[in-house]
Amino acid sequence: MAFLVPCPNCGERNVYEFRCAGEIVTRPNSDAPQSERTAYLYLRKNVAGEQREWWYHKLGCRKWFTAIRNTVTNEVTETAWPDETVA
Amino acid sequence: MVLQLFKKSQMWRKPDLKNRYEVVIIGGGVHGLSTAYHLGKLGLTDVAVIDKSYLGGGGSARSTAIIRANYLTPEGIPFFRESHKMYENLSQELDFNLLFNQMGRLDLGHTDSAVYWLNVRAGFNQLLGVNSRVIDPNEISELVPVLDLRKGKTMPVLAALYHPPAGVVRHDAVVYGYARAADRMGIELHPFTEVTGIIKSNGRVTGVQTNSGQISAGTVVSATAGWSSTISTMVDLDLPITTYPLQAFVTEPLKPFLDKTISSANLHAYAYQTDRGEVVIGGPVDPYPTYSQRATMNMLEDLSVFILKLLPILKPAKILRQWAGLCDMTPDYAPILGKVEGLDGFILNCGWGTWGFKAAPIAGKTVAELVATGQTPKLIQPFGLDRFENGRLINERAAATAAAIH
């Protein structure tokens, strides 16, 4: 389903202008156990509902930002710049 | 009564839901039903297949139903080869016409690098007993005269991997055939029964909570493909799965002109003509993950542009319908099958991405063996969830759409 993504820089644009880089995962420390690094690399919540994810406006301002999107309805409720994002 | 004339003969019974089964299979698509059928063959018939909607209404209804075995990896090829063999005899086995049309398939290569990989695949296929070989444009034009083979255009056709036994099978028929066969063995089918929770005690799954009540079970199998993460989250299990939709569309019925499945990884498109004359056209998964099954205009435009580069003859054809199905994509384009460490009684049959339909017979057979004996069959040992922890990813680059994302 196509939808509009409100880029914090450019405003609402067609989702096909963007690259979705998936749900936000926290990078573990370098001394973290193997299981945590596996989880960081591969395991995803993949929720059917709201999740916070990375977006990149590749055919627009080429800026990275984060968005809260409902993966069932594709409604984007909130966007933020990376340094303003609360994990 | 005149109404008796129209009385439908039922394909399967509608039993009342019991509160205990030996095995509960979540998901009534080809994978869930195939697993149930093979459990029945092994003598385990105290089995219930439950689905939140009608049987075969998820990925099974939306698959473009291509059967092939010309994969790339030493793990993937034998697995899909066995599945292909089972499909060849499935109509007889289920006593149900699956309309299997073994039309053959061409995987087209447009660049030197793509042709290199076609040769690698042909080599692996031949070593592992799969009939496929690389052919040149002369032979391609004999097999598919309508293909645009002009030289000098962008993306010229340089070579193709020809896989003669590939084909197309009627996807709904596979669902109905397995469902009827399982039902006749005494296995219960419960559509419109949604799982709302999974019951766990002492690190063991002991049953499921549904909207029709609680069911206790010795083993719970998750065969929910695109919705696998929504089931596994009920047992606090994160999977290496992201759900992407895959779109396809069909043209109006045309006179027969194409009797091969053609596919191009470079152009992200594949097509074949059905027995009804419609041309089915599919492509890569959507660029963003979502659980929405609505199709988009952008994908329709992209796919049309790509397929017209191969089949310019389709230019005046009208499009009848377009749809999307959910794919549970794994990072290495291979399924996730087997037990979960630290969680007894829970078996995964998921990670089916864009390659699930063609694997249903063998996946059902091997997973049923695992449920019945507790031992993971050799054929599916490489597909365990632990491969991500152990760094033994499979990287099945010959899966549809593998070239398009990541």
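Because the structure is a prediction, the values reported are computed rather than measured. Letters A, B, ... mirror the listed sequences (proteins, then strands); counts begin at 1.
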Any side-chain heavy atom of A:Thr66 within less than 4.5 Å of one from A:Glu53?
no

Looking at residues at least two apart in the chain, or sitting in another chain, which of them share a side chain to side chain contact (heavy atoms under 4.5 Å, CB included) with B:Ala269?
B:Phe306, B:Ile307

Presence of salt bridge, A:Glu78 and A:Arg69, under 4.0 angstrom
no

Please verify the inter-ring angle class for A:Tyr56 with A:Trp64; under 30° counts as parallel, over 60° as perpendicular, anything in between as tilted.
parallel

Has the side chain of B:Thr376 got a donor or acceptor atom that lies under 3.5 Å from a matching backbone atom of B:Gly338?
no

Quick check on B:Gln293 against chain A: is it the side chain, the backbone, both or neither that has a heavy atom closer than 4.5 Å?
neither

Quick check on A:Thr38 against chain B: is it the side chain, the backbone, both or neither that has a heavy atom closer than 4.5 Å?
side chain

Residue A:Val15 versus chain B: region with a heavy atom under 4.5 Å
side chain

Interface residues of residues 7-14 of chain A facing chain B - heavy atom cut-off under 4.5 Å
A:Asn14

Treating A:Glu17 as the side-chain partner and A:Lys58 as the backbone partner, does any N or O pair qualify as donor plus acceptor under 3.5 Å?
no

Which atoms of B:Met299 are under 4.5 Å from chain A, going by heavy atoms: the side chain, the backbone, both sets, or neither?
both

Would you please go through residues 232-240 of chain B and name the residues with a non-hydrogen atom below 4.5 Å from one of chain A, in numerical order?
B:Asp238, B:Leu239, B:Pro240

Best-contacting candidate, A:Ala48, A:Ala21, A:Ala2, A:Gly22, against chain B by heavy atom pairs under 4.5 angstrom
A:Ala48

Has B:Ser60 got a side-chain atom pairing as donor or acceptor with B:Val30's backbone, closer than 3.5 angstrom?
yes

Is any side-chain heavy atom of B:Trp323 less than 4.5 Å from a side-chain heavy atom of B:Val250?
yes

A:Arg52 side chain reached by A:Glu23 side chain, heavy atoms, under 4.5 Å:
no

Would you please indicate if the ring centroids of B:Tyr288 and A:Phe3 are separated by under 6.0 Å?
yes

Could you go through residues 340-350 of chain B and list every donor-acceptor pair under 3.5 Å that involves a side-chain atom there, pairing it with any protein atom two or more places apart or in another chain?
residue	atom	partner	partner atom	Å
B:Asn349	OD1	B:Trp352	NE1	2.8
B:Asn349	ND2	B:Thr35	OG1	3.3

Side chain proximity check, B:Val195 to B:Lys52, heavy atoms < 4.5 angstrom:
no

